[in-house]
Colleague: 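Before anything else, here's the structure in question.
Everything numeric here is computed off the predicted structure, so don't read it as measured data. Throughout, protein chains are lettered first and strands after them, A, B, ... in sequence-line order, and every chain is numbered starting at 1.
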2 protein chains.
Amino acid sequence: MRTVTIADVAKHAGVAVSTVSYVLSGKRAISATTRQRVLDSVRVLGYHPNAGARALASKRAKVIALVLPLRAGMNLPVLMQFATSVVTTARQYDHDVLLMTADEGADGLHRVAASALVDGLLLMDVEIHDPRVPLLRKLSEPSVLIGFPADPEGLTCVDLDFARAGALCADHLADLGHREIALLGAPRVVYERGTGFAERTMAGFVEAAARHGLEADARPCEESFDEVHAAVKLLLDERPGLSGLVVHNEAAAGHVLGALRILGRRVPEDVSVVAICPDDIAERASPALTSVLIPAEDVGRQAVRLLMAKLEGQAVPESTLLEPRLTIRESSR
Amino acid sequence: MRTVTIADVAKHAGVAVSTVSYVLSGKRAISATTRQRVLDSVRVLGYHPNAGARALASKRAKVIALVLPLRAGMNLPVLMQFATSVVTTARQYDHDVLLMTADEGADGLHRVAASALVDGLLLMDVEIHDPRVPLLRKLSEPSVLIGFPADPEGLTCVDLDFARAGALCADHLADLGHREIALLGAPRVVYERGTGFAERTMAGFVEAAARHGLEADARPCEESFDEVHAAVKLLLDERPGLSGLVVHNEAAAGHVLGALRILGRRVPEDVSVVAICPDDIAERASPALTSVLIPAEDVGRQAVRLLMAKLEGQAVPESTLLEPRLTIRESSR
DNA sequence: CCTTCGCGTCGAAGCGCTTCGATGACCTGC
DNA sequence: GCAGGTCATCGAAGCGCTTCGACGCGAAGG
């Protein structure tokens, strides 16, 4: 069974090849009757345009690259949600998604862009001093970044407003009347890498706490149970009056609750806990965690939309910050 | 800056276009001097072959589709490890990876295959009665499945040998002298979907336990802390003599330890726990979990290799089962 | 010495599609 | 009744690459 080409469709419908093309692309007016005849032939023959030929002739591959980080300290569920949302949204724009890992580096990006394999790029987990950023600036293919490099000038960046997220947590605890609070963040390595979002959360938290006149403290946090336990214990020893805890570390969130339980602190009676994490993690914990959600889906959708707009040649804002949303559950009062 | 084509390279090197092509593909003998001249020109001009043109002319896109499930009960870290390994391995074979979600269904597979966007397909999390399997049989593009449908005849399937994994856990506990053991599995919904691997683990576990003459019990397990706690408590109440527990549920593994702690059972003094999960989860727990690792990386690598072999027209085994490996840590004795 | 062979190279024919300019057919308005 | 304009359609020229057959040339064989 030879594969069906546009010529087969044209013959079957009794029209020119170009007519079929115009019916399918809608780039020229075609009479209703002809259109219908062509469409019927397409269906009958089971025609699917050849992607390579289309890309070659139109200079549009209808594929975007999605570059995911795959390193320590990453938040998998968020990453998957994000990827899913990117794929789904891209499909709505009739595009497919080429998956790349960050360790292909700038060369990899250059390769897929220069070979016209993809029309645009979506990079996740951009660092403050990201070596790929200079390349992106140079590339003729449009790109959208998730996260912010040091200088977002001339780029298009999307992210959750982590500063607001940190602030929101502090606000919530302040509203509940807590006077001494602390934040447990990502593993140290994440800060050292300069990933930005972790620092911005801390900064937002600290600043909001200061605004409310609270005693606040923010520190990195590793992810093993024993290290979490030690960190929580240390914190509690150092700050006996502590009654509010923010956890910005999805892997550690469950362990924090376990540690508090062991240390004889009831949640929320003795300590209120707020997490910055996906909803499913928060709901699965006991007690269910009050949390600020990382809207991975929104970020993905928004990023694809921006990229599509750029592909159409539209101007888009350099920076898009998504509002965090606090969901109150059982772990805070 | 116009994009560099093969014609530019040919002109720069003073040879015919076809010669450049042959240098790059190695499909015909080219003298060392000419080859070097061409290669130099390629480098100087920064030439990258146009993917669409190449695909059109050679009928090879050098892209494979990776279809990931994105549903409840899935094991994210394993999935990511798997995806990473697929991308990395594919790159070694000079292929890229198109990411698809399972909810595009059979139509989506048909679309990417028929449009020659991809040369082959990799499907993860195949179910016992998977609606996509009939299509795969029909498709001229080769495919490799992760997991086993009811009838793997004529397909190529790869997976961890979950029955052996279950058995390995039972063997280990039997060797340690435990007489009453139980397995806590995936959430009920996973069994209802007929995903296969969960059932096979249980079957392997039960059978091995029987072989050792042990009292054994295997049941599904939800993922929230409270449900895990309840399940563990119920199990302990029903089976006071229980001293060995296998957890085949990555999200629940940590919660099981927490529940045992609350219920006053020491691990491993009172109860030995063995998990079937990725190493990082096992290591992060307290006490570190003895575990059977899901070799996501191996599975991914192996799957890509098989697919590449099929693309070359080589015959490959219908079924490839990967040996599970038990790592003894602190949670069993 | 002439034929035969193989090696290295070239030219040209597509691969299946999009797009541009051209061509009728038909309508409009003066 | 005819210039001027639309509208729908067609034909052909590429897009950048691979691949097939052909060709020239020096080496080997008779």
Side-chain angles (χ1 to χ4, degrees), chain A residues 1-39 41-42 45-63 94 111-119 140, chain B residues 2-39 41-42 45-63 94 111-119:
Chain A
M1 188 178 102
R2 218 185 87 277
T3 132
V4 182
T5 74
I6 197 173
D8 300 328
V9 175
K11 195 178 300 169
H12 187 271
V15 299
V17 160
S18 50
T19 302
V20 175
S21 178
Y22 286 125
V23 166
L24 262 22
S25 70
K27 294 198 177 173
R28 277 198 189 177
I30 297 288
S31 68
T33 59
T34 306
R35 153 183 277 91
Q36 197 50 58
R37 206 141 34 88
V38 169
L39 257 20
S41 299
V42 165
L45 301 179
Y47 169 67
H48 286 262
N50 178 294
R54 191 206 278 275
L56 179 56
S58 69
K59 307 195 162 310
R60 288 310 204 91
K62 295 231 185 196
V63 175
D94 197 24
R111 179 181 63 84
V112 295
S115 65
L117 230 190
V118 305
D119 303 324
S140 54
Chain B
R2 217 183 89 276
T3 132
V4 182
T5 73
I6 197 173
D8 300 328
V9 176
K11 195 178 301 171
H12 187 270
V15 298
V17 161
S18 50
T19 302
V20 176
S21 177
Y22 286 123
V23 166
L24 262 21
S25 70
K27 293 198 177 174
R28 278 198 189 177
I30 297 288
S31 68
T33 59
T34 306
R35 151 183 280 92
Q36 199 47 61
R37 205 141 33 87
V38 169
L39 258 19
S41 299
V42 164
L45 301 180
Y47 169 66
H48 286 262
N50 178 294
R54 190 205 277 275
L56 179 57
S58 70
K59 307 197 162 310
R60 288 311 204 90
K62 297 236 190 192
V63 176
D94 196 25
R111 178 179 65 84
V112 295
S115 65
L117 229 190
V118 304
D119 303 325

Colleague: Give me the bend of the helix from C:dC1-D:dG30 to C:dC30-D:dG1, using the axes of the five pairs at each end, rounded to 10°.
Modeller: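 Computed from the C1' atoms at both ends, the axes differ by 40°.
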
Colleague: Starting at atom CD1 of A:I6, determine the distance to atom C1' of D:dT9, rounded to an integer number of angstrom.
Modeller: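 Distance check: A:I6 CD1 to D:dT9 C1' gives 14 Å.
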
Colleague: State, to 0.1 Å, how close B:L117 and B:V63 come at their nearest heavy-atom pair, and which atoms those are.
Modeller: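 That closest heavy-atom pairing would be O-CB, 3.6 Å.
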
Colleague: Distance-only criterion, 3.5 Å: show the donor-acceptor pairs between side-chain atoms of residues 52-59 of chain B and protein atoms not counting sequence neighbours.
Modeller:
residue : atom : partner : partner atom : Å
B:S58   : OG   : B:R54   : O            : 2.6
B:S58   : OG   : B:R60   : N            : 3.2
B:S58   : OG   : B:R60   : O            : 3.4

Colleague: Between B:T5 and B:N50, is any pair of side-chain heavy atoms under 4.5 Å apart?
Modeller: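 Side-chain contact under 4.5 Å: no.
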
Colleague: Strictly under 4.0 angstrom, non-hydrogen atoms only: write out the protein contact profile of nucleotides 8-15 of chain C, one letter per nucleotide from the 5' end, B, S or -.
Modeller: SBBBB-BB

Colleague: What's the separation between atom CD in B:Q36 and atom OG1 in B:T33, rounded to the nearest 0.5 Å?
Modeller: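 Going from the CD atom of B:Q36 to the OG1 atom of B:T33 covers 9.5 Å.
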
Colleague: Is any side-chain heavy atom of B:V15 closer than 4.5 Å to a side-chain heavy atom of B:V20?
Modeller: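 A side-chain contact exists here, since the closest heavy-atom pair is under 4.5 Å.
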
Colleague: How would you list, by chain and number, every residue that makes a salt bridge (Lys or Arg N to Asp or Glu O under 4.0 Å) with B:R35, sequence neighbours excluded?
Modeller: none

Colleague: How many Å lie between CG on A:N50 and P on D:dC17, as a whole number?
Modeller: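 For the pair A:N50 CG and D:dC17 P, the rounded distance is 16 Å.
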
Colleague: Please name all residues satisfying salt bridge (Lys or Arg N to Asp or Glu O under 4.0 Å) with B:D8, sequence neighbours left out, ordered by chain then number.
Modeller: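 Result, salt bridge (Lys or Arg N to Asp or Glu O under 4.0 Å) vs B:D8: B:R2.
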
Colleague: Can you pull out every side-chain hydrogen bond (donor to acceptor under 3.5 Å, both in side chains) where at least one residue sits in residues 9-23 of chain B? Sequence neighbours excluded, please.
Modeller: B:H12-B:S41

Colleague: Whole-Å distance between D:dA8 C1' and A:K27 NZ?
Modeller: 18 Å

